[in-house]
Colleague: 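Just dropping this structure here.
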Amino acid sequence: ASVFGKGSGASVTVPDGSSTPATGIGAQVTLSRPGSWLLTAAVALNIVSDNGQIFTLTLAVGSTVQSSHTAQWSQAADGQVMLHQTWQIAAQGGENCRLLIVKDGGAGTSSVNPINSTLSALWQGPKK
C-alpha cells in the first residue's frame, strides 16, 4: 500500500523558531494500516532575505515530532531549493503525518510553496 499527499493553497511563510514553533506546510498523509512505513518528503523552499539562516524540516506523526531525523538547509543568497528527507515509522494504523518547517532566525519572508511540495508513504509490511 502507498499513500501520497500534495500540498495546496497559498505559500506558507516560514516562522522564526526563536519566537514561534514550526508551522505545517499543508502536505500530509494518513497511514492506513499498522506496520512499518517509509515516508518521503519533497518541499519547495523559497529563501528571501534569510541568508545564512538554518531551515529545518521535520515530520509530525500525530502530535509527536520526529526530531531525531530532520532535513536542514542554509545558503548565503536568496534562491529556491527542494528539501528532501525520508523517515521510517512504526505505525499502529490511522496516524496522521504532516510536514513542519521552521528557521533559526532572520527577518526575511522565506516561504514554502505547498503546491510543489509532497509527502508520500510506502507500507513496508507488518511490524516485526
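Note: hydrogens, waters and symmetry copies are ignored here, and every other heavy atom, side chains too, is used.
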Colleague: Looking at side-chain heavy atoms only, is the closest gap between Thr23 and Pro15 below 4.5 Å?
Modeller: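 Result yes, sub-4.5 Å side-chain heavy-atom pair found.
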Colleague: State the CE-CG distance between Met82 and Leu45, to the nearest 0.5 angstrom.
Modeller: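 It comes to 10.0 Å.
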Colleague: I'd like to know if the side chain of Ser110 reaches the main chain of Val14, judged simply by a donor and an acceptor atom lying under 3.5 Å from each other, with no hydrogens or angles considered.
Modeller: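 A pair under 3.5 Å: no.
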Colleague: Please find the pair of heavy atoms, one from Ala121 and one from Trp37, that lie closest to each other, and give the distance.
Modeller: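 Residues Ala121 and Trp37, closest heavy atoms: CB-CE3, 3.6 Å.
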Colleague: Step by step, would you call Leu122 with Ser2 a side chain to side chain contact (heavy atoms under 4.5 Å, CB included)?
Modeller: CA-CA 4 Å; Leu122 175 64; Ser2 63; 4.1 Å; yes
Colleague: What pairs meet the side-chain hydrogen bond (donor to acceptor under 3.5 Å, both in side chains) rule with one or both residues in residues 63-76, with sequence neighbours excluded?
Modeller: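 Applying side-chain hydrogen bond (donor to acceptor under 3.5 Å, both in side chains) to every pair that reaches into residues 63-76, excluding sequence neighbours, yields Thr56-Gln72, Trp73-Gln75.
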Colleague: Of all heavy-atom pairs between Ala91 and Arg33, which one has the smallest distance, and what is that distance?
Modeller: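 Scanning both residues completely, I find the closest heavy atoms to be CB-O, 4.3 Å.
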Colleague: So do the side chains of Ser36 and Gln88 get within less than 4.5 Å of each other, counting heavy atoms only?
Modeller: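 Yes. Closest side-chain heavy atoms under 4.5 Å.
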Colleague: Given side chains that start at C-beta, do those of Thr40 and Trp87 come closer than 4.5 Å, heavy atoms only?
Modeller: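 SC-SC contact between Thr40 and Trp87 ruled out.
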Colleague: OG1 of Thr13 to CD1 of Ile25: how many Å apart, nearest 0.5 Å?
Modeller: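 It comes to 13.0 Å.
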Colleague: Set out, in order, the CA-CA distance, both residues' side-chain angles and the distance that settles side chain to side chain contact (heavy atoms under 4.5 Å, CB included) for Leu31 and Cys97, then state yes or no.
Modeller: CA-CA 7 Å; Leu31 306 180; Cys97 300; 3.7 Å; yes
Colleague: Determine whether a donor-acceptor pair (N or O, by modelled atom type, separation under 3.5 Å) exists between the side chain of Asp50 and the backbone of Gly108.
Modeller: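 At least one qualifying donor-acceptor pair exists.
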Colleague: Check whether any side-chain N or O of Asn116 sits under 3.5 Å from a backbone N or O of Ala44 as a donor-acceptor pair, and report yes or no.
Modeller: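 It does not hold such a pair.
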Colleague: Is atom CD of Gln92 surrounded by more than 12 heavy atoms (other residues, nucleotides or ligands) closer than 6.0 Å?
Modeller: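 Incorrect, the count does not exceed 12.
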Colleague: Is there a side-chain contact between Lys6 and Ile115 (heavy atoms, below 4.5 Å)?
Modeller: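 In contact.
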Colleague: Any chain of hydrophobic side-chain contacts (each under 4.5 Å) joining Val61 to Leu119?
Modeller: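 Yes, because Val61 and Leu119 connect within a single hydrophobic cluster, where side-chain heavy atoms sit under 4.5 Å apart.
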Colleague: If you look at every heavy atom in Gln85 and Ala71, which pair is closest and at what distance?
Modeller: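 Scanning both residues, the minimum pair turns out to be CB-CB, 3.8 Å.
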Colleague: Give me the atom names and distance for the closest heavy-atom approach of Val65 to Leu100.
Modeller: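 Looks like CG2-CD1, 3.9 Å.
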Colleague: Heavy atoms only: give me the nearest Pro114-Ala10 pair and the separation to one decimal.
Modeller: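 Closest pair (atom of Pro114, atom of Ala10, distance): CG-O, 3.2 Å.
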Colleague: Transitively linked via ILVMFWY side-chain contacts under 4.5 Å: Leu57 with Ile89?
Modeller: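 As far as the 4.5 Å side-chain criterion goes, Ile89 and Leu57 are connected within one cluster.
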Colleague: Do Trp123 side-chain atoms and Pro34 backbone N/O form a donor-acceptor pair below 3.5 Å?
Modeller: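 Here the side-chain-to-backbone pair exists.
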Colleague: Applying side-chain hydrogen bond (donor to acceptor under 3.5 Å, both in side chains), can you list everything that pairs with Thr20, at least two apart in sequence or on another chain?
Modeller: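 Thr20: no side-chain hydrogen bond (donor to acceptor under 3.5 Å, both in side chains) contacts found.
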Colleague: Could you walk me through whether Thr86 and Leu39 satisfy the side chain to side chain contact (heavy atoms under 4.5 Å, CB included) test, starting with their C-alpha distance in whole Å, then the side-chain angles of each, then the deciding distance to 0.1 Å, before giving a yes or no?
Modeller: CA-CA 5 Å; Thr86 301; Leu39 286 94; over 6 Å; no
Colleague: With distance as the sole test, does Asn113 use its side chain to make a donor-acceptor pair with the main-chain N or O of Ser11 at under 3.5 Å?
Modeller: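 Side chain of Asn113 to backbone of Ser11, a donor-acceptor pair under 3.5 Å: no, none is there.
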Colleague: Considering only heavy atoms from C-beta outward, does the side chain of Asn96 approach that of Gln28 to under 4.5 Å?
Modeller: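 Asn96 reaches Gln28 side chain to side chain.
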Colleague: Going by heavy atoms in the side chains, are Val112 and Asn46 under 4.5 Å from each other?
Modeller: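 Side chain of Val112 against side chain of Asn46, heavy atoms only: no contact under 4.5 Å found.
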Colleague: If we only count heavy atoms from C-beta on, is the Ser120 to Val29 side-chain gap below 4.5 Å?
Modeller: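 Side chain of Ser120 against side chain of Val29, heavy atoms only: no contact under 4.5 Å found.
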Colleague: List the steps, then state whether side chain to side chain contact (heavy atoms under 4.5 Å, CB included) holds for Leu99 with Thr58.
Modeller: CA-CA 6 Å; Leu99 297 173; Thr58 58; over 6 Å; no
Colleague: Within the 4.5 Å heavy-atom criterion, are Val102 and Phe55 side-chain neighbours or not?
Modeller: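 Val102 vs Phe55: side chains apart.
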